[in-house]
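A short write-up of the structure that comes next.
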There are 2 protein chains.
Amino acid sequence: MLNDPMVLAPVSDATRVEPEKRIRDRGATEKAILNAAKALLAEEGFQNFGINAVARRAGCDKQLIYRYYGGLNGLVEAIGADLGNWVKDRIPEDTGGMFLLTYGDLMERLSLLFLEALREDPLVRRIVAWEVSENTEQVRRLSEARSKALANWLDRMRGSLTPPKGLDVVAVNAILIAAIQHLVLSASAGGQCAGLALKTSKDWEKAATALKRIVRGVYG
Amino acid sequence: MLNDPMVLAPVSDATRVEPEKRIRDRGATEKAILNAAKALLAEEGFQNFGINAVARRAGCDKQLIYRYYGGLNGLVEAIGADLGNWVKDRIPEDTGGMFLLTYGDLMERLSLLFLEALREDPLVRRIVAWEVSENTEQVRRLSEARSKALANWLDRMRGSLTPPKGLDVVAVNAILIAAIQHLVLSASAGGQCAGLALKTSKDWEKAATALKRIVRGVYG
DNA sequence: CAAAGCTGTCACCGGGCGGCGACATTCTGC
DNA sequence: GCAGAATGTCGCCGCCCGGTGACAGCTTTG
């Protein structure tokens, strides 16, 4: 009664634009929402990541996010599920025909691969930044998924190579991963890290060389 | 704690409670605001860091923040100014009576000192997390102040020790710093990093040992 | 004394947020 | 054909945000 619809004398003239009806396809809509969420997170970061923003981006009503994903939490969980396949998608499973004779060979290669992969994946970068910035249930889920995937990958790649004795490989690798992650995040946010410029590919070569030296130093 | 909301009890009757007048002291108020801001940032992180929250915490009206600091930007800048003295305040200037014979000795010690200092300073941790999460003017200022202070500190501590030749020390040190920062941030947020638990002091000993091995590996 | 300035407080604005109920339209099963 | 479910849309709510103008009380200055 408030708005008598027919009073609206719809744009009668030639400027008439078809209302672009959204097709009714739950599957497609769900995908659109998920993609919108991932793109939004990748591009804008977790700061302005919210129901309204995702809905706007997906071009649908936010109500559908509640219906199909149970709200933001569920949506984030869905993103986390994808994340399980991250390493699979992003990092070559085989070692590129190289012969990895030692654990040092392996870790050098994996470090560089990981660095590359992270540099090229804005979504995961944002998630890592999120992980170190908040400690909500949402983030914890994401973090868990990511770390599990990463651990599996490391394990698979190790193959039958035995790590050196007398060295806490878990701790050392954690530090290496931390270094890579922070390096990439820092570069992504400010173009540098602790005085080291990280913009041009030349900058990155220097970083990669230093990283190699570090890995070789500890793993021989 | 500061100003009970009971102040808004109207001037009713004999139950008149003295409204706890805030003393008029611009200097003290400015300090209160700055401290509130730092405490808030340290405890809650940059997520909900805003004019209203700071004013609430400082127990004063937000208008004063605009007047005295020119808004949040100015306030953040004031925080950044303090940051310049961070290393000075937090990290012993002398080397604790140790004889640092080699660059490796130095960097091992500095790494551990930096790790310790960061672990014990929630404010700077939040700032570092902020740095990798956003790229606004505010954050850039903070970041710059911090990195400058850090560089100065490294330089002072180096003294007359000459770094090894044939090694890009800037890059290597940047990676070491990145590792430490990410390790601490990760621990602070989720109690672990890449599968390495970082809660108990025993956990941290393992991390420190691994870090030493890495530093020694690259710097001898 | 009064005027002018400083300090602190309050109320209000527009806007975006998350969340929800109600409705419109289309599809499905009987 | 019809009822009910599925899908999509709309408008509203209460809340908090940043920002600003107006005002009240104290202090300094003349």
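Numbered from 1 within each chain, the chains take letters A, B, ... in sequence-line order. These numbers come from a predicted model, not from an experiment.
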- prompt: Does anything in residues 28-36 of chain B reach DNA chain D, meaning a heavy atom under 4.0 Å, and if so which residues?
  reply: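 Those residues: none at all.
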
field: Partners passing ring pair (Phe, Tyr, Trp, His ring centres under 6.0 Å) against B:Phe46 (at least two apart in sequence or in another chain)
entry: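 For B:Phe46 the ring pair (Phe, Tyr, Trp, His ring centres under 6.0 Å) partners, ignoring immediate neighbours, are B:Trp130.
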
field: Qualifying residues under side chain to side chain donor-acceptor pair (under 3.5 Å), relative to B:Arg140, sequence neighbours excluded
entry: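 Scan of B:Arg140 (side chain to side chain donor-acceptor pair (under 3.5 Å), adjacent residues dropped) gives B:Asn135, B:Glu137.
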
Using the test salt bridge (charged side-chain N to carboxylate O under 4.0 Å, His left out), find all partners of [X] that sit at least two apart in sequence or belong to another chain.
X: A:Asp168; answer: none
X: A:Glu134; answer: none
X: A:Asp121; answer: A:Arg90
X: B:Arg158; answer: B:Asp155

[N] [atom2] sits how many Å from [X] [atom1], rounded?
X: B:Ile65; N: D:dT20; atom1: CD1; atom2: C1'; value: 14 Å
X: A:Leu72; N: C:dG18; atom1: CG; atom2: P; value: 7 Å
X: A:Ile23; N: D:dG8; atom1: CD1; atom2: C1'; value: 12 Å

query: How sharply is the helix from C:dC1-D:dG30 to C:dC30-D:dG1 bent, taking the axes over five pairs at either end and rounding to 10 degrees?
result: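 Here the local axes at opposite ends form an angle of 10°.
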
query: Does atom CD of A:Glu144 have more than 12 heavy-atom neighbours from other groups under 6.0 Å away?
result: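 No.
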
Run the side-chain donor-acceptor check on residues 198-206 of chain B: report pairs under 3.5 Å with partners two or more places apart or on a different chain.
unit_1, atom_1, unit_2, atom_2, d
B:Thr200, OG1, B:Lys202, N, 3.2
B:Thr200, OG1, B:Asp203, N, 3.0
B:Thr200, OG1, B:Asp203, OD1, 3.4
B:Thr200, OG1, B:Asp203, OD2, 3.3
B:Asp203, OD2, B:Lys199, N, 2.9
B:Asp203, OD2, B:Thr200, N, 3.0

Is any side-chain N or O of [X] closer than 4.0 Å to OP1 or OP2 of [N]?
X: B:Tyr68; N: C:dG8; answer: yes
X: B:Tyr66; N: D:dT20; answer: no
X: B:Arg26; N: C:dT7; answer: yes

Identify every side-chain donor-acceptor pair in residues 175-193 of chain B under 3.5 Å, counting partners at least two apart or on other chains, and give the distances.
unit_1, atom_1, unit_2, atom_2, d
B:Gln181, OE1, B:Arg146, NH1, 3.0
B:Gln181, OE1, B:Arg146, NH2, 3.1
B:Gln181, NE2, A:His182, NE2, 2.7
B:His182, NE2, A:Gln181, NE2, 2.7
B:Ser186, OG, B:Gln192, O, 3.2
B:Ser188, OG, B:Arg125, NE, 3.2
B:Gln192, OE1, B:Gly195, N, 3.2

message: I want to confirm an ordering. Mapping B:Lys62 and B:Asp25 to their closest nucleotides on DNA chain C, which one lands closer to the 5' end?
response: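 Its nearest nucleotide being more 5', the pick is B:Asp25.
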
task: Specify the residue among B:Asp61 and B:Arg24 whose closest nucleotide of DNA chain C lies further upstream toward the 5′ end.
output: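 Here B:Arg24 is the residue nearer the 5' end.
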
message: Using the side-chain heavy atoms of A:Arg67, tell me which of these nucleotides is nearest: C:dC6, D:dT9, D:dG19.
response: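 Comparing C:dC6, D:dT9, D:dG19 against the side chain of A:Arg67, the answer is D:dT9.
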
- request: Counting heavy atoms from C-beta on, name the nucleotide in D:dG8, C:dA11, C:dC17 closest to the side chain of A:Arg56.
  value: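 My answer, after comparing the listed nucleotides, is C:dC17.
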
- request: Could you tell me whether B:Glu44 and B:Arg57 have a side-chain N and a carboxylate O separated by less than 4.0 Å?
  value: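 A salt bridge is absent here (no side-chain N lies under 4.0 Å from a carboxylate O).
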
Pair listing, salt bridge (Lys or Arg N to Asp or Glu O under 4.0 Å) test, anchored in residues 27-38 of chain B, at least two apart: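 Passing the test, one end in residues 27-38 of chain B: B:Arg26-B:Glu30, B:Lys38-B:Asp82.
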
query: Which of residues 44-52 of chain A have a heavy atom under 4.0 Å from DNA chain C?
result: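 Contacting residues: A:Gly50, A:Ile51, A:Asn52.
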
